[in-house]
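To keep things clear, I will list the structure first and then write my remarks on it.
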Amino acid sequence: MDALVKVVHVLAVVVLLGNLLMAPFWRKRLAAVEGVQARAAANRSVRVADLMFTLPGWVLVLVTGIMMIISRGMPGGWMHLSLLLFLGWLVLWHVLVLRARKAMIAQAEAAASGGPASAELAQHEQQWQQWSYVSAGIVGLILILMLTKPF
């Protein structure tokens with residue numbers, strides 16, 4: 001059972017980190033097609049990717065991580081730091097990334113409905129992209145801590 005939980009944990013990390021790294025790239029590529037309709041579709045696709053990959057990824061990472069801690073006990077300081085970083089990442093993702101995503105989708109939908117594409121849309125898209133990469137960096141750091149167990 002422990003091996004299965006570990007495999008699910010690793011796969012969830014791969015899905016989570018993969019989506020965090022690739023969503024900004026693909027949103028930017030789709031939005032570059034030109035036109036407000038393409039931009040709105042690209043921004044909506046971010047929401048779909050978050051619901052399909054990011055949300056299940058972080059939930060599975062958290063649940064399987066807790067299961068392994070319960071079955072094995074709490075390892076060294078690297079695990080404490082990793083847990084703190086993960087909780088910080090959850091707050092960052094929910095407060096900054098999702099807020100920027102919601103704003104960029106609303107602005108893009110307004111522009112696609114016949115309104116002009118405002119400068120705020122580009123600003124929200126850039127904020128979302130920056131916070132997405134910061135959050136991917138945090139998850140990458142956690143991954144490094146998990147693999148190296150430095151202390």
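Here, residue 1 is the first one in the sequence, and each next residue gets the next number.
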Which residue is it: Leu55, Val48, Thr54? I am looking for the one with a side-chain contact (heavy atoms from CB on, under 4.5 Å) to Met52. Val48
Can you find a pair of side-chain heavy atoms, one from [X] and one from [Y], that are under 4.5 Å apart?
| X | Y | result |
| --- | --- | --- |
| His94 | Trp58 | yes |
| Leu16 | Trp89 | yes |
| Trp93 | Asp50 | yes |
| Met104 | Val46 | yes |
| Ile69 | Leu83 | yes |
| Asn43 | Arg101 | no |
| Arg47 | Lys102 | no |
| Leu11 | Val15 | no |

Just by distance, do the side chain of His9 and the backbone of Val61 share a donor-acceptor pair under 3.5 Å? yes
Any side-chain to backbone donor/acceptor pair from Gln37 onto Ala112? Under 3.5 Å, distance only. yes
Assess the residue pair Arg99 and Gln127 against the criterion (side chain to side chain contact (heavy atoms under 4.5 Å, CB included)); give the C-alpha distance rounded to whole Å, side-chain angles, the decisive distance to 0.1 Å, and a yes or no. CA-CA 10 Å; Arg99 183 179 296 164; Gln127 285 173 348; over 6 Å; no
Taking a hydrophobic cluster as the set of Ile, Leu, Val, Met, Phe, Trp and Tyr residues connected by side-chain heavy atoms closer than 4.5 Å, whether directly or through intermediates, do [X] and [Y] fall within one such cluster?
| X | Y | result |
| --- | --- | --- |
| Val59 | Met67 | yes |
| Val95 | Val139 | yes |
| Leu143 | Tyr133 | no |
| Trp26 | Trp128 | no |
| Trp131 | Ile138 | yes |

Should Leu85 and Leu145 be marked as a side chain to side chain contact (heavy atoms under 4.5 Å, CB included) after you check the CA-CA gap, both sets of side-chain angles, and the distance that decides it? CA-CA 10 Å; Leu85 286 170; Leu145 287 170; 3.7 Å; yes
Residue pair Lys149, Met79: steps toward the side chain to side chain contact (heavy atoms under 4.5 Å, CB included) verdict: CA-CA 8 Å; Lys149 301 173 185 161; Met79 178 61 82; over 6 Å; no
If you compare all heavy atoms of [X] against all heavy atoms of [Y], which two are closest, and at what distance to 0.1 Å?
| X | Y | answer |
| --- | --- | --- |
| Ala42 | Ser45 | O-OG, 2.5 Å |
| Leu17 | Ala136 | CD1-O, 3.5 Å |
| Leu121 | Ala108 | CD1-N, 3.7 Å |
| Phe151 | Gly77 | CE1-C, 3.3 Å |

